[in-house]
Amino acid sequence: MSPNQKLPVVVLISGGGTNLQAIIDRAGTDLPIEIRAVISNRPGVYGLKRAEAAGIETAVLDHKQFDDRESYDRALIELIDGYRPGLVALAGFMRILTPAFVRHYAGRLFNIHPSLLPKHRGLHTHQRALDAGDSLHGASIHFVTEELDGGPLIVQAQVPVKPEDDADKLAERVLQKEHQIYPLAIRWFAEARLKLDKDGHVRLDDKPLPGPMVFEDHEPIG
Ligand code: GAR
């Protein structure tokens, strides 16, 4: 990609799409990407309206119309590949992906997860952080591999847990951070600064990351 070209991106959602909105907003300013399509596995979700309002093509591929995970993911690959993305961004896409799907997009598939991975993989992360008595919680962006919520970490944002927190209050503060770190990771990738190498290590500016970058309310690197 030449410096003036924009990275084609497809975003997958299942719900409200606030992370999608953050990406859309930044694509209008400093993110060198073109969102080619937003695809949802659930019809009628608000994220689709956000995409339409921004003039982005949308598609629904309803998982309930398929007999099994394999046939759904095969259809999803076909749909996504029609848009020729350089990056596929899972933004609240609440499905477990087949190994074939993950392999197909190896090195160009991002996920956002609402915990400080490797803590609290899976669902109900905010309640689980509270139940565990964690003093720090947060969100992570990672490359997707076959291990659920287990792929190499790119960047995390931390949120202190307050004594008065319940799961909703904590989720709200984590979400604010999510909206900052997802566009950041996408920007690094779009600028070809971020890569997953053949050994499964994340490289930023040609140096292996010893661990995830930690986001501190300002962008850690230029
Ligand atoms: C976000 O909190 C995201 O981290 C989470 O779903 C929410 C989607 O919100 N993703 C997962 O839990 C994936 N395992 P949004 O639709 O408002 O962006």
Side-chain angles (χ1 to χ4, degrees), residues 9-27 31 33 35 37-54 56 58-61 63 69 72-73 76 87-98 101-102 105 109-132 134 136-159 161 165-186 212 214-215:
V9 176
V10 168
V11 183
L12 303 192
I13 62 166
S14 300
T18 64
N19 277 290
L20 166 68
Q21 188 68 57
I23 297 165
I24 290 173
D25 292 347
R26 294 285 291 272
L31 267 188
I33 65 167
I35 305 174
V38 171
I39 300 172
S40 172
N41 66 309
R42 293 196 187 122
V45 295
Y46 191 66
L48 290 167
K49 296 202 173 56
R50 294 180 189 275
E52 282 159 19
I56 297 166
T58 61
V60 173
L61 193 66
H63 60 276
R69 221 171 260 291
Y72 181 81
D73 279 10
L76 187 56
L87 175 70
V88 177
L90 308 178
F93 188 64
M94 304 305 278
R95 281 188 60 80
I96 293 173
L97 298 163
T98 56
F101 184 95
V102 171
Y105 296 107
L109 183 59
F110 281 9
N111 184 41
I112 185 158
H113 184 76
S115 79
L116 294 175
L117 290 170
K119 280 190 166 182
H120 312 309
R121 298 176 184 189
L123 299 174
H124 311 301
T125 57
H126 309 300
Q127 189 58 52
R128 285 162 59 208
L130 290 170
D131 293 347
D134 294 352
L136 272 183
H137 185 44
S140 307
I141 309 290
H142 65 94
F143 283 100
V144 178
T145 60
E146 290 179 35
E147 192 183 346
L148 180 67
D149 297 328
L153 292 165
I154 300 166
V155 57
Q156 293 185 321
Q158 300 176 344
V159 171
V161 179
D165 271 339
D166 59 21
D168 288 345
K169 284 184 192 154
L170 193 51
E172 182 53 39
R173 291 208 312 287
V174 170
L175 206 50
Q176 299 309 317
K177 297 282 190 182
E178 294 186 31
H179 300 162
Q180 294 175 288
I181 60 175
Y182 215 167
L184 175 63
I186 291 174
V214 178
F215 180 81

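Quick caveat: nothing in here was measured; it's all calculated off a predicted structure. Here, residue 1 is the first one in the sequence, and each next residue gets the next number. First listed ligand is number 1; within each ligand, the first listed atom is number 1.
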Shortest protein contact, [atom] (heavy atom only):
atom	value
atom 12 (O) of ligand 1	Pro114 CD, 3.3 Å
atom 16 (O) of ligand 1	Gly17 N, 2.7 Å
atom 10 (N) of ligand 1	Ile112 O, 3.6 Å
atom 14 (N) of ligand 1	His113 ND1, 3.4 Å

Task: Gly16: numbered ligand 1 atoms lying under 4.0 Å from its heavy atoms - done: 16 (O)
TODO: Heavy-atom contacts with Glu178 under 4.0 Å: which atoms of ligand 1 show up? List them by number with element.
DONE: 1 (C), 2 (O), 3 (C), 4 (O)
Open item on the list: For a quick check under 3.5 Å, do His179 and Asp25 share a side-chain donor-acceptor pair by atom type?
Closed with: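 On atom types as modelled, these side chains do not qualify, holding no pair under 3.5 Å.
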Task: Between Gln180 and Gln176, a side-chain donor and acceptor under 3.5 Å - done: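 No pair is found: no donor N or O on one side chain lies under 3.5 Å from an acceptor on the other.
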TODO: Could you establish whether Ile13 and ligand 1 come within less than 4.0 Å of each other, counting only heavy atoms on the residue side?
DONE: no
Task: ligand 1 contacted by Met94 (non-hydrogen, < 4.0 Å) - done: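 Flag set, Met94 near ligand 1.
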- [ ] Carefully, step by step, assess Arg95 and Leu90 under the rule side-chain contact (heavy atoms from CB on, under 4.5 Å).
- [x] CA-CA 10 Å; Arg95 281 188 60 80; Leu90 308 178; over 6 Å; no
TODO: Determine yes or no for a side-chain-to-main-chain donor-acceptor pair under 3.5 angstrom, with Ser115 supplying the side chain and Thr125 the backbone.
DONE: no
Open item on the list: Please compare Gly92, Ala22, Gly47 and report which has the shortest non-hydrogen distance to atom 8 (C) of ligand 1.
Closed with: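 Looking at heavy atoms only, Gly92 sits closest to atom 8 (C) of ligand 1.
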Task: Note, Val45 side chain near Ser14 side chain (heavy atom, < 4.5 Å) - done: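 Heavy-atom side-chain distance check fails, nothing below 4.5 Å.
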What do you reckon, does [X] have a nitrogen or oxygen under 3.5 Å from a nitrogen or oxygen of ligand 1?
X	result
Gly15	no
Asn19	yes
Thr18	yes

How far does [atom1] of [X] sit from [atom2] of [Y], to the nearest 0.5 angstrom?
X	Y	atom1	atom2	result
Tyr182	Ile154	OH	CD1	8.0 Å
Ile141	Leu184	CD1	CG	8.5 Å
Lys49	Gln21	NZ	CD	13.5 Å

TODO: In sequence, state the C-alpha distance, the side-chain angles, and the governing distance for His113 and His142, and then conclude on ring-ring contact (aromatic ring centres under 6.0 Å, His included).
DONE: CA-CA 8 Å; His113 184 76; His142 65 94; 7.2 Å; no
Open item on the list: Residue-level breakdown please: for Leu175 versus ligand 1, do any non-hydrogen atoms fall below 4.0 Å on the side chain, on the backbone, on both, or on neither?
Closed with: side chain
